[in-house]
Protein chains: 2
Amino acid sequence: MALEHAILVSLLEKPGSGYELASRFDRSIGRFWTATHQQIYRVLRRMEADGWIAAEDVVQEGRPDKRVYSAAGPGREALSVWLRAPVEPETVRHDLAVKIRAAAFDDPAGRAGLVAEVERHRVVHAALLDRYLAGERRDFPDPAVLDAQQSLQHVVLRGGIEYERMTVAWLDDVLATLHRIG
Amino acid sequence: MALEHAILVSLLEKPGSGYELASRFDRSIGRFWTATHQQIYRVLRRMEADGWIAAEDVVQEGRPDKRVYSAAGPGREALSVWLRAPVEPETVRHDLAVKIRAAAFDDPAGRAGLVAEVERHRVVHAALLDRYLAGERRDFPDPAVLDAQQSLQHVVLRGGIEYERMTVAWLDDVLATLHRIG
DNA sequence: CACGTCATGTAATTCGTTACATGATTTA
DNA sequence: TAAATCATGTAACGAATTACATGACGTG
């Protein structure tokens with residue numbers, strides 16, 4: 001389990017409320033870890049009870065009040081312990097690959113539907129690639145002058161970029177294959 | 001949920017027992033879908049109750065008897081319905097990326113531990129790449145003469161190969177970055 | 001006035017993981 | 001004789017998903 005640790009990293013980079021964390025998990029962090037607000041609120045309560053994070057109630061005008069969390073000492077320690085323990089390479093769940101192999105057992109209409117589906121995925125991944133590249137130009141215009149934290153953020157972003165590049169190329173390969181077999 | 005569908009595809013490609021399915025999920029199918037035998041047995045019972053698959057008891061000598069499952073009509077139909085419904089692009093869970101960003105908040109000893117961890121992952125992914133390439137040479141020696149089912153299996157395998165290639169290159173990038181920042 | 005954003009939650013169900021359990025046969 | 005392979009399961013727990021719920025404010 002690493003949701004706790006992903007939240008800790010995010011709060012170390014910048015304190016925030018459950019709502020703010022949820023939107024970060026929808027954007028930047030979502031590249032390598034997804035979580036819904038329900039999960040996040042549940043884990044935040046547990047982490048606060050364990051003393052990993054500290055909460056501060058912030059009264060706001062014009063919008064609802066919020067609880068802003070930040071990483072506490074025991075949280076940093078727990079993160080450090082986790083960093084030193086090995087994690088297993090990720091387990092993959094790739095619906096589209098299942099569908100591609102399933103297409104062998106469906107009729108031409110089903111294959112046509114799959115082409116549309118693959119094209120849809122291609123659009124999504126190409127858009128993600130563009131967004132990551134734009135983010136790279138915006139946040140890392142001069143890669144020579146980055147501090148340690150920025151260098152690490154940048155190399156993770158490069159991983160996302162290469163993943164999307166590869167995926168778009170592979171989806172083109174899939175489309176060509178589907179076209180070839182009719 | 002697509003474990004049902006992954007099992008259906010596997011049974012359509014070749015009928016088999018829960019045990020055999022579990023070992024397929026450990027090898028070929030595990031490239032894009034993982035499942036343990038406990039999950040598989042649970043889902044097989046549900047699928048049989050729903051009439052998606054048919055079971056046949058096979059008495060064996062010298063080894064335990066087994067129940068061999070094969071896809072039934074309603075299962076093929078369910079698969080066809082699923083093929084026509086859109087699936088969302090996968091949700092990623094990438095512990096290593098969390099660790100890399102976490103390294104910004106740990107001391108040099110923690111960073112050294114991370115280098116070892118990244119090197120370990122690199123070995124695993126390089127070995128997977130070799131295994132996929134060997135499988136490709138063995139199963140698809142002449143890509144010009146494949147039928148539809150084989151073409152689809154091959155394009156999924158190429159996806160695995162490109163993923164591992166990209167991952168190994170990225171892990172080298174990560175190692176260089178960790179080295180640069182000390 | 002409807003919709004989107006900010007903000008936080010509960011409840012029910014399903015899914016995934018870990019541990020435990022049995023028992024025969026083959027191989028080292 | 002110990003370990004690995006074949007074969008199938010139960011039980012308990014924790015995690016993830018989905019649906020439901022509330023309410024104020026700002027924008028078009």
Side-chain angles (χ1 to χ4, degrees), chain A residues 1-7 11 15-27 29-30 32-50 53 55-69 82 85 87-95 98, chain B residues 1-7 11 15-27 29-30 32-50 53 55-69 82 85 87-95 98:
Chain A
M1 235 306 282
L3 178 53
E4 278 96 333
H5 306 108
I7 288 176
L11 290 178
S17 68
Y19 185 86
E20 282 160 355
L21 281 168
S23 67
R24 288 184 214 171
F25 273 83
D26 252 14
R27 291 182 281 107
I29 311 169
F32 50 88
W33 204 275
T34 55
T36 61
H37 78 274
Q38 292 91 337
Q39 276 176 279
I40 290 167
Y41 283 116
R42 180 162 15 111
V43 171
L44 281 174
R45 256 175 282 136
R46 188 169 64 214
M47 289 169 79
E48 197 193 351
D50 292 345
I53 55 177
E56 194 195 352
D57 286 303
V58 174
V59 180
Q60 297 188 118
E61 309 225 333
R63 30 177 83 178
D65 300 346
K66 60 179 177 179
R67 293 183 67 99
V68 173
Y69 294 95
W82 176 71
V87 292
E88 288 318 300
E90 331 64 60
T91 60
V92 185
R93 291 287 148 90
H94 212 309
D95 298 74
V98 179
Chain B
M1 235 309 282
L3 178 53
E4 279 96 333
H5 305 110
I7 288 175
L11 290 179
S17 68
Y19 185 85
E20 282 160 356
L21 281 168
S23 66
R24 287 184 214 170
F25 273 83
D26 251 14
R27 290 182 281 105
I29 311 168
F32 50 87
W33 206 274
T34 55
T36 60
H37 79 276
Q38 292 91 338
Q39 275 176 279
I40 290 168
Y41 283 118
R42 196 190 326 153
V43 172
L44 281 174
R45 257 174 282 138
R46 188 169 64 215
M47 290 170 77
E48 196 193 351
D50 292 345
I53 55 177
E56 195 196 351
D57 286 303
V58 174
V59 180
Q60 298 189 119
E61 308 226 333
R63 30 177 85 178
D65 299 346
K66 59 180 178 179
R67 294 185 65 108
V68 173
Y69 294 94
W82 176 72
V87 291
E88 288 318 301
E90 330 67 58
T91 61
V92 185
R93 292 286 149 89
H94 211 308
D95 298 75
V98 178

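A note on names: the letters A, B, ... follow the listed sequences, proteins ahead of strands, and every chain is numbered from 1.
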All side-chain hydrogen bond (donor to acceptor under 3.5 Å, both in side chains) counterparts of A:Arg46, not counting sequence neighbours: A:Glu4
Closest to side chain of A:Leu3, choosing from D:dT8, C:dT8, D:dA16: D:dA16
Phosphate-side-chain proximity, B:Tyr19 and D:dT8, N/O vs OP1/OP2 below 4.0 Å: no
Gap between atoms NZ and C1', on A:Lys66 and C:dT5 respectively (whole Å): 13 Å
Gap between atoms CG and C1', on B:Leu44 and D:dT10 respectively (whole Å): 16 Å
Nearest-angstrom distance from the residue atom CG of A:Asp65 to C1' of D:dG23: 12 Å
Under-4.0 Å side-chain N/O to phosphate OP1/OP2 contact, B:Ser23 with D:dC6: no
Nearest-angstrom distance from the residue atom CG of B:Asp26 to P of D:dC6: 12 Å
Sequence-distant partners of B:Gln38, side-chain hydrogen bond (donor to acceptor under 3.5 Å, both in side chains), two or more places apart: B:Thr36
Test side-chain hydrogen bond (donor to acceptor under 3.5 Å, both in side chains) applied to B:Glu48 - qualifying residues, sequence neighbours left out: B:Arg67
Pairwise distance CD(A:Glu20) to OH(A:Tyr69) - rounded to 0.5 angstrom: 12.0 Å
Between the first and last five pairs of the helix from C:dC1-D:dG28 to C:dA28-D:dT1, the angle of the axes, rounded to 10 degrees: 40°
Any A:Arg67 side-chain N or O less than 4.0 Å from OP1/OP2 of C:dC6: no
Straight-line distance of B:Met47 CE to B:Ile53 CD1, nearest 0.5 Å: 5.0 Å
Non-neighbouring partners of A:Trp33 that pass ring pair (Phe, Tyr, Trp, His ring centres under 6.0 Å), sequence neighbours left out: none
Separation of B:Asp65 CG from B:Asp57 CG (nearest 0.5 Å): 7.5 Å
Residues in side-chain contact (heavy atoms from CB on, under 4.5 Å) contact with B:Pro89, at least two apart in sequence or another chain: A:His121, A:Val124, A:His125
Along DNA chain C (nearest heavy atom to each residue), the more 5'-positioned of A:Arg45 and A:Gln60: A:Gln60
Which residues share a side-chain contact (heavy atoms from CB on, under 4.5 Å) with B:Ala22, sequence neighbours left out: B:His37, B:Ile40
Minimum side-chain heavy-atom gap B:Leu11-B:Leu21 below 4.5 Å: yes
Per A:Pro64 side chain, nearest of listed nucleotides C:dA7, D:dA7, C:dT10: C:dA7
Length of the CD1-P vector between A:Ile40 and C:dT8, whole Å: 11 Å
Under-3.5 Å N/O pairs linking protein and nucleotides 17-22 of chain C:
from: C:dT17; atom 1: O4; to: B:Arg42; atom 2: NH2; distance (Å): 3.3
from: C:dA19; atom 1: N6; to: B:Gln38; atom 2: NE2; distance (Å): 2.9

Phosphate OP1/OP2 of D:dT8 contacted by B:Tyr41 side-chain N/O (<4.0 Å): yes
All N/O contacts under 3.5 Å from nucleotides 25-28 of chain D to the protein, with atom names and distances to one decimal?
from: D:dC25; atom 1: O3'; to: A:Gly62; atom 2: O; distance (Å): 3.4

side-chain contact (heavy atoms from CB on, under 4.5 Å) against B:Thr34, all qualifying residues, sequence neighbours excluded: A:Thr91, A:Arg93
Residues forming a side-chain contact (heavy atoms from CB on, under 4.5 Å) with B:Val58, sequence neighbours excluded: B:Gln60, B:Lys66, B:Val68
Spacing of B:Arg46 atom CZ relative to C:dT13 atom P, expressed in whole Å: 15 Å
